[in-house]
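Taking it in order: structure first as structure tokens, then the write-up.
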Amino acid sequence: MVVAMASASGTALRFTDASSSRAIRLESGASCLAPRTVTFGCVDKSITSLNRLRLSGLKTRASNATAVENANAADSDKVPTPVVIIDQDSDPDATVVEVTFGDRLGALLDTMNALKNLGLNVVKANVYLDSSGKHNKFAITKADSGRKVEDPELLEAIRLTVINNMLEFHPESSSQLAMGAAFGVLPPTEQVDVDIATHISIEDDGQDRSLLYIETADRPGLLVELVKIISDISVAVESGEFDTEGLLAKVKFHVSYRNKALIKPLQQVLANSLRYYLRRPSTNESSF
């Protein structure tokens, strides 16, 4: 069997696959090795079920009348689109988190404290302004190792923690975020059609890797799910960026297969696997 292992190099979310004579043949005819587990960083760690994600700090939708009134008052102006970016490309030594919500965000001290509660250090923070608003950027490392975050579950916990803090201190953002349906004051006023919203493309990025683009409807746990789907066909995720833009998730992953760019048949297998998963209706596990 194949075990997809994570590299301890500077770039995060790096997986390499161990060779094996056993392969699975998918619909397009491409042969791909089937990994048993996925490990991250320097410590063996399987991807667990989404129920074990660090979501204990998230709060279900509030029924506080004052909060609703505040959200409605804020809606008197056009509510900007919230953006949360998890960037694994721009800094070789740290995970960069960028948060934008027009010009409404403050210093985000509560958000930084919440990140520290996840066992992280904010090693650098800065703010800049442009035409889209005020951008708060944090460079984050793990407190126990000083390294950038390589665990997809922890990266997803970072994303959800930032969104949860935005929902708490800016309840008007609730109607603009997919997570507002579960954790916000007001659910999103618009529903995203997954079939229409989902776009996947793969292109070569040199001889050694390919560039995978995914745009789809956002939901909790999506980052972990995508990494697992990609790793299940032994494609290595070397680095990337995960953007939450309102109700949508926009993903850019650098991927490879045995340290080479993906050949066309494997690109088709990967794209088909992702489309099937992202577009299939959700099933309640308790129904089985």
Side-chain angles (χ1 to χ4, degrees), residues 49-63 67-68 70-72 74-75 78-87 97-102 104-105 108 111 114-115 118 132-133 136 152-200 213-229 240-253 274-285:
S49 67
L50 296 179
N51 293 332
R52 295 179 58 189
L53 278 174
R54 298 174 179 86
L55 305 182
S56 58
L58 299 185
K59 302 176 181 178
T60 55
R61 191 190 307 163
S63 59
V68 175
N70 290 340
N72 289 335
D75 281 338
K78 181 175 174 58
V79 178
T81 300
V83 178
V84 178
I85 296 173
I86 308 294
D87 178 7
V97 178
E98 182 174 331
V99 188
T100 308
F101 187 44
R104 304 188 181 198
L105 297 179
L108 300 187
T111 297
L115 293 174
L118 292 176
S132 64
N136 295 66
E153 291 186 10
L154 184 52
L155 289 169
E156 179 68 348
I158 292 169
R159 184 175 79 98
L160 296 183
T161 297
V162 172
I163 290 174
N164 185 57
N165 273 265
M166 184 180 294
L167 291 171
E168 182 176 356
F169 293 100
H170 294 275
E172 71 273 18
S173 67
S174 176
S175 63
Q176 302 288 318
L177 288 163
M179 257 63 88
F183 307 118
V185 173
L186 298 172
T189 55
E190 299 179 6
Q191 297 296 322
V192 176
D193 187 313
V194 176
D195 286 335
I196 297 175
T198 299
H199 304 281
I200 299 168
Y213 294 98
I214 306 169
E215 181 174 329
T216 191
D218 189 27
R219 60 178 181 256
L222 183 60
L223 191 157
V224 178
E225 295 168 350
L226 291 176
V227 171
K228 185 178 187 305
I229 294 166
E241 181 178 309
F242 192 105
D243 300 354
T244 306
E245 295 187 15
L247 301 177
L248 297 176
K250 299 181 180 181
V251 185
K252 179 183 71 175
F253 284 151
L274 289 166
R275 285 194 185 96
Y276 171 78
Y277 178 81
L278 293 171
R279 290 177 173 178
R280 71 182 182 182
S282 59
T283 303
N284 189 344
E285 292 182 1

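Because the structure is predicted, anything quoted here is derived from the model rather than measured.
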Short side-chain to backbone donor-acceptor contact, N164 and L160, under 3.5 Å: no

Take F253 and V227, measure what side-chain contact (heavy atoms from CB on, under 4.5 Å) needs, and give me the verdict at the end. CA-CA 9 Å; F253 284 151; V227 171; 4.2 Å; yes

Distance, nearest 0.5 Å, that separates OG1 of T216 from CG of L226: 8.0 Å

What closest approach, in Å, do L248 and A197 show between heavy atoms, and which atom pair accounts for it? CD2-CB, 4.0 Å

Nearest heavy atoms of Q176 and P82, plus distance in Å: CB-CD, 3.4 Å

If you look at every heavy atom in L177 and L247, which pair is closest and at what distance? C-CD2, 3.5 Å

Start with the C-alpha distance between S173 and V79, add both sets of side-chain angles, then the distance that settles side-chain contact (heavy atoms from CB on, under 4.5 Å), and finish with yes or no. CA-CA 7 Å; S173 67; V79 178; 5.6 Å; no

Drop me the distance from Y277's OH to T198's OG1, to the nearest 0.5 angstrom. 12.0 Å

Acceptor/donor pairs from residues 181-195 side chains to any protein atom, 3.5 angstrom cut, sequence neighbours excluded:
from	atom 1	to	atom 2	distance (Å)
D193	OD1	D195	N	2.9
D193	OD1	I196	N	3.3

Quick one: which residue pairs count as a side-chain hydrogen bond (donor to acceptor under 3.5 Å, both in side chains) with a foot in residues 243-252, not counting sequence neighbours? R159-T244, E245-K250

CG of L223 to CG of L155, rounded to nearest 0.5 Å, is 6.0 Å

Scanning both residues in full, the closest heavy-atom pair of S132 with T100 reads O-CG2, 4.2 Å

Please report the shortest heavy-atom distance between A114 and T161, naming the atom on each side. CB-CG2, 3.6 Å

Do the side chains of E98 and V83 get nearer than 4.5 Å, heavy atoms only? no

Gap between atom CG of L108 and atom CG of N165 - 0.5 Å precision: 8.5 Å

According to ring-ring contact (aromatic ring centres under 6.0 Å, His included), who are the partners of F101, at least two apart in sequence or on a separate chain? H170

Apply side-chain contact (heavy atoms from CB on, under 4.5 Å) to the pair V97 and D87, showing each step before the final yes or no. CA-CA 6 Å; V97 178; D87 178 7; over 6 Å; no

For the atom pair OG1 (T111) and CD1 (I163), what is the distance rounded to the nearest 0.5 Å? 11.0 Å

Quick one: CZ on R104 to CE on M166, what's the gap to the nearest 0.5 Å? 11.0 Å

Scanning both residues in full, the closest heavy-atom pair of A249 with L222 reads CB-CD2, 3.5 Å

